[in-house]
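Data first, discussion second: the structure below is written as structure tokens.
Proteins get letters first, then strands, A, B, ... in listed order; numbering begins at 1 in each.
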Amino acid sequence: QKEVEQDPGPLSVPEGAIVSLNCTYSNSAFQYFMWYRQYSRKGPELLMYTYSSGNKEDGRFTAQVDKSSKYISLFIRDSQPSDSATYLCAMSAKNYGQNFVFGPGTRLSVLP
Amino acid sequence: DGGITQSPKYLFRKEGQNVTLSCEQNLNHDAMYWYRQDPGQGLRLIYYSQIVNDFQKGDIAEGYSVSREKKESFPLTVTSAQKNPTAFYLCATQQGRNSPLHFGNGTRLTVT
């Protein structure tokens, strides 16, 4: 079993839809959770950074962490064609970069 | 992006040649990292450096070398010993513990 699992997609949704992106993990020690957006041929861009369980909201983006289920989610409201990208989850038990574990990414297409 | 510059964007080399990828940052971050990204896989750590003149191997260091002579610079050399060097290489920095990684825009290396 991989340490972090993420459905690779592609996920296609119409403009304006609510998008749900998910990652599951096996290491119960993870407590730092991140979501990155990566456009084609670009580096990942940080969207959300959360510690431990709970929700965090930033504009159209909401990150949820459920440590009891070892499951994290990113919700995108009112999705736009500009949201079309690959979304990577990342997590860590100790927040040093060498400990980060990344999911393979979910490719999202928002159709106009 | 922003304060992390990777160059060149695209690099083509013949098998058997060493090649050096550049990573420069003006964020004044102590920690710098090199990751490799392959389709369908999470980012994999090659090398990292927490301070100048010190660096550590990551999960897939074989066939790679680095130096950290200046805080701003962390070049990665892909040697001829790397069996499958064609990939997208990402440099990242971290401001300190309890902060996320920030990425450059990557270098796409193709070896034929």
Side-chain angles (χ1 to χ4, degrees), chain A residues 1-10 21-27 30-52 56 58 61 63 65 72 74 85-107, chain B residues 1-10 21 23 25 27 29-51 54-61 74 87-110:
Chain A
Q1 182 190 10
K2 290 183 181 176
E3 209 167 3
V4 177
E5 307 237 23
Q6 191 175 5
D7 187 331
L21 303 166
N22 311 297
C23 285
T24 58
Y25 61 94
S26 56
N27 188 344
F30 287 152
Q31 51 183 344
Y32 298 91
F33 303 93
M34 286 136 282
W35 284 97
Y36 287 87
R37 177 176 63 195
Q38 186 176 22
Y39 292 115
S40 182
R41 290 183 287 277
K42 297 284 190 182
E45 169 195 7
L46 180 70
L47 285 177
M48 302 291 274
Y49 175 62
T50 55
Y51 170 72
S52 195
K56 183 175 182 179
D58 184 0
F61 300 92
V65 174
I72 68 170
L74 178 71
T86 297
Y87 289 80
L88 311 178
C89 64
M91 46 199 80
S92 173
K94 301 175 185 179
N95 208 30
Y96 292 113
Q98 63 267 29
N99 302 122
F100 285 26
V101 181
F102 288 83
T106 298
R107 190 151 58 93
Chain B
D1 196 46
I4 303 171
T5 302
Q6 290 189 244
S7 61
K9 190 176 170 108
Y10 299 99
L21 283 58
C23 178
Q25 57 111 350
L27 299 170
H29 290 176
D30 285 316
M32 298 186 74
Y33 305 85
W34 275 105
Y35 287 90
R36 171 182 171 136
Q37 187 173 36
D38 295 283
Q41 295 193 44
L43 301 184
R44 292 184 291 167
L45 182 64
I46 304 172
Y47 267 98
Y48 64 97
S49 169
Q50 301 284 2
I51 55 172
D54 186 56
F55 49 82
Q56 306 295 329
K57 292 182 179 179
D59 302 316
I60 56 164
F74 191 40
F88 190 51
Y89 290 88
L90 287 161
C91 176
T93 69
Q94 188 181 26
Q95 184 172 14
R97 200 176 173 188
N98 300 329
S99 61
L101 293 177
H102 297 272
F103 287 89
N105 268 332
T107 292
R108 173 69 186 176
L109 173 63
T110 304

Using a 6.0 Å cut-off, check whether atom CD of Gln41(B) has over 12 heavy atoms from anything other than its own residue. yes
State, yes or no, whether a side-chain contact exists between Tyr33(B) and Leu43(B) at a heavy-atom distance under 4.5 Å. no
What residues form a ring-ring contact (aromatic ring centres under 6.0 Å, His included) with Tyr36(A), not counting sequence neighbours? Phe103(B)
Below 4.5 Å from any heavy atom of chain A, which atoms of Tyr47(B) appear? Answer side chain, backbone, both or neither. neither
Using heavy-atom distances under 4.5 Å, tell me whether Gln38(A) contacts chain B through its side chain, its backbone, both, or neither. side chain
Checking heavy atoms, do the side chain of Arg107(A), its backbone, both or neither come under 4.5 Å from chain B? neither
For Gln56(B), is it the side chain, the backbone, both, or neither that has a heavy atom closer than 4.5 Å to a heavy atom of chain A? neither
Checking Arg36(B) against Asp38(B) for the salt bridge (Lys or Arg N to Asp or Glu O under 4.0 Å) test, could you report, in this order, the C-alpha distance in whole Å, the side-chain angles of both residues, the deciding distance, and whether it holds? CA-CA 7 Å; Arg36(B) 171 182 171 136; Asp38(B) 295 283; 2.7 Å; yes
